[in-house]
Amino acid sequence: MAEAADFQGTSPSPARRWLRRTGAVLAGTPLLAGFLQLPAGSPAEAATPAAPRAASDDGSVAVSVDSLTPGAPSEGDTVTVSGTITNKGKKAVTDASVGLRVGSLLDTRSSIDTAAKNSGDVDSPAGAEIDDKYTEKFSKLTPGVSQPYTISVPADELDLGQDGVYDLSVTLTGETSDQPWEQTLGVRHTFLPWQPDELDAKTKTTFMWPLVSTIHMTAETGSDEEQTPVFHDDDLAAEISPGGRLDRMVALGKDLDVTWVIDPDLLASVEAMTTRYEIPGENTDDQDVVGGHQEVAKRWLTEVQKAVADKEVVALPFGDPDLASLAHHGTSVTGSLRHLKEATDVAARTVESILYVVPSTDYAWPVEGAVDPSIIKVATSAGADKVIVRGDTFEGGRDLTYTPTAPRPIGGGTTAVVADARLSTVFDGDMTRASAATQAVQRFLAQSLTLALQTDRPRSVVVAPQRTPSAAQAQTMAEAIGALQDSTWSQPQDLTTAAKSKPDPAAGTDVPPASAYPKSLRKQELPRSAFEQIARTQDKLDRFKVILSDQSRVVTPFGRALNRGMAASWRGRPAEAAIYRSGVETYLDTLSSQVRLIEKSETKLSGRSATIPVTVQNNLVQGVEHLVLRLTSTNPTRLQIDGDAYEEQPVAVSGGHSQSVKFTTNANANGRATVVAQLYTQDGRPYGQPVTFDVKVTEITATVMLVIGGGVLLLVLAGFRMYTQRKRAAARQAEEREQDDAADEADADAADKGAKNPAVSETRPTGESAPRTREDAPEQPSDPAPDTAPESADPSGTGERVDR
């Protein structure tokens with residue numbers, strides 16, 4: 001970009017200031033003439049106090065400016081400067097004095113950069129010292145000891161002339177034992193913007209306020225109904241806790257007129273922490289439940305909701321993907337742009353559901369705003385039509401003496417929103433030291449005022465700071481924005497309004513070539529292998545999800561994890577990025593392996609046809625379906641599956657269960673045949689590992705069948721013979737009973753006849769008894785009861801006792 005020559009308008013200086021400055025110059029003229037007349041190397045040159053020597057460019061005494069208020073004074077204000085002085089030398093400094101000096105007007109933006117670079121150089125021009133009454137004296141500065149100072153000066157005493165930025169320096173003068181004359185031993189240059197009156201054409205300034213973090217969530221979730229999320233660390237809790245980086249970003253940003261630029265992944269991760277989340281323990285089987293940060297997460301989200309209310313919110317694609325890495329290494333890998341589209345589509349829904357605001361998704365923000373044609377193409381492929389770039393990597397235009405307005409049409413309906421490089425990078429570096437923070441604020445204000453005074457054209461300026469400012473950097477940014485919003489030369493504006501403002505026709509619109517892309521950024525990009533691994537994982541996910549009864553339990557967490565694998569925050573951390581991507585793929589492999597075939601040992605078949613069972617096991621918490629199990633015989637001439645070389649059967653298994661699938665086989669010959677069982681998805685793609693086992697076939701011959709048949713016939717004949725023998729025995733017993741009954745009846749008749757014929761009775765001797773038969777004998781007490789009831793001629797029943 002052409003350096004702005006800054007055609008500034010001038011305001012009349014008070015006559016008193018002009019006279020005092022003129023008098024100071026005239027008073028120093030004779031002394032300067034005397035120095036010029038001295039010969040080189042004269043002893044007087046070493047002794048004169050007007051030629052101070054310092055131990056180094058930064059002097060032997062370090063001077064810091066820790067506070068300067070107000071940062072941009074107006075008429076009637078009192079400027080207060082405070083800080084510390086530290087003797088870095090080995091000699092004590094005596095008769096020390098700390099004072100303020102107002103140097104020349106810095107009327108170009110490059111002159112401000114030069115002054116900032118040499119802010120501690122004692123040889124840099126420092127201007128005339130302000131009245132001696134505005135100094136602070138120190139009788140002695142001990143080596144290695146720091147002492148504070150504070151100087152307050154009415155703005156009217158600073159002899160400020162026309163509007164603009166002045167070099168304001170704090171100097172320390174004193175003597176040492178080896179150089180016993182007054183000399184400047186330390187200095188700190190800073191900037192004092194002077195614009196007491198309101199500008200007619202104020203600069204409209206947009207400040208992007210990023211809420212972006214690194215990746216914390218994994219693809220893993222619990223098996224419970226809520227799908228408890230798993231984080232790979234608990235660092236996010238520290239960031240959102242009171243005093244943490246993200247907590248400070250929200251607390252500071254809520255009172256500023258800024259455009260919030262948010263990564264939806266950050267919101268989703270914090271929301272996941274509001275209930276229950278886990279962090280892997282030291283052992284892979286151990287899960288440590290973390291329950292102490294739910295309230296912290298809820299509080300932070302509530303504060304974000306309050307902060308963004310009625311403010312513009314820009315949603316980056318989910319996970320903040322690295323557009324440059326994708327453009328340079330990912331587009332040659334099939335499916336990479338698909339993830340960018342998914343990340344963009346889910347961004348608005350995520351932000352709206354959590355913050356209850358409708359964000360803009362029209363913006364793409366490459367790392368550090370560096371672009372080339374391929375980055376622009378990728379950035380706009382997902383629907384964005386505005387790309388935030390940075391001025392130091394974008395053509396500014398020929399022969400421009402001012403900084404042009406931010407929007408630049410670059411063709412194809414795309415607008416490059418060019419952020420000002422100097423304003424965007426001023427807060428880089430360590431801002432934990434008060435002196436560094438103060439210098440950054442004053443430099444920011446100085447650059448902004450100088451830019452505003454370049455021309456009376458209305459312009460829109462965009463500030464795009466670092467993506468993840470530290471808490472100290474955020475504090476410094478907030479101080480600078482607050483001072484700018486109270487200034488007389490700038491007014492706030494949101495990003496959408498800035499992007500829609502009228503472009504400057506003289507501004508450059510040529511996208512830098514690929515060769516101009518910074519090498520330092522290219523070295524940090526994700527390699528092609530990263531996108532190949534992401535594509536491989538996606539292919540596995542596509543094969544796995546089709547068998548699930550509830551795909552959302554897997555597709556959503558893994559889809560977001562793949563977006564996170566492309567995050568810009570992985571830059572500079574290649575090892576951590578590789579571990580994360582491998583963890584996602586490994587966990588998916590673990591889940592997929594939970595649906596598998598059970599191994600089988602050798603199976604024996606003793607016949608021409610038999611059934612072979614194959615078991616499918618599902619250890620997932622949800623059911624699987626849309627699977628086909630194929631059983632294939634590698635030797636169909638010996639063993640066929642359902643009359644062919646293979647057979648397929650559909651499979652559906654509930655979560656946590658197993659199912660056996662039975663296949664009918666036909667044996668054609670004796671011997672061993674190898675069988676392969678393989679699961680397939682319905683689209684014909686193999687799923688999981690096959691199971692191979694042997695089947696030993698033993699064919700049954702006709703002789704064996706004859707022997708078996710003969711044995712069966714003998715058994716039948718033996719049973720028939722036993723039946724006939726029992727029937728004959730029963731008939732004989734029945735005949736014998738009939739004869740016995742007939743004999744009993746005859747005896748009974750004879751007895752009856754004897755009773756009726758006395759003659760017969762009297763012939764028997766008295767006291768003699770007639771002979772008795774066994775049946776007539778009296779029954780003895782020990783005689784047993786009869787064994788059986790009267791015989792039956794019918795065959796005996798089952799279990800019936802039979803006398804043979």
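Every heavy atom of this structure was used, including side-chain atoms; hydrogens, water molecules and symmetry mates were not.
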Over-ring placement of [X] relative to [Y], 6.0 Å and 45° cut-offs:
X      : Y      : answer
Arg564 : Tyr580 : no
Arg467 : Trp365 : yes
Arg543 : Tyr687 : no

State whether the side chain of [X] and the backbone N or O of [Y] hold a donor-acceptor pair below 3.5 Å, judged by distance alone.
X      : Y      : result
Asp642 : Tyr646 : no
Thr615 : Ser660 : no
Ser633 : Val675 : no
Arg299 : Ile240 : yes

So for atom [atom1], which belongs to [X], do other residues, nucleotides or ligands contribute more than 12 heavy atoms lying within a distance under 6.0 Å?
X      : atom1 : value
Lys696 : NZ    : no
Lys377 : NZ    : no
Gln689 : CD    : no

Subject >> Worked check of side-chain contact (heavy atoms from CB on, under 4.5 Å) between Trp570 and Ser325 >> reply: CA-CA 11 Å; Trp570 294 122; Ser325 296; over 6 Å; no
**OP:** Rounded to the nearest 0.5 Å, what's the gap from CG on Leu246 to CG on Leu266? Could you check?
**Re:** 5.5 Å
Considering only NZ, NE, NH1 and NH2 on the basic side and carboxylate oxygens on the acidic side, decide whether [X] and [Y] come within less than 4.0 Å.
X      : Y      : result
Glu342 : Arg338 : yes
Asp235 : Arg245 : no
Arg571 : Asp320 : no
Arg536 : Glu585 : yes
Asp539 : Arg685 : yes

**OP:** List in chain and number order the residues that pass side-chain contact (heavy atoms from CB on, under 4.5 Å) with Ser336, two or more places apart in sequence or in another chain; answer none if no residue qualifies.
**Re:** Leu326, Val333, Phe531
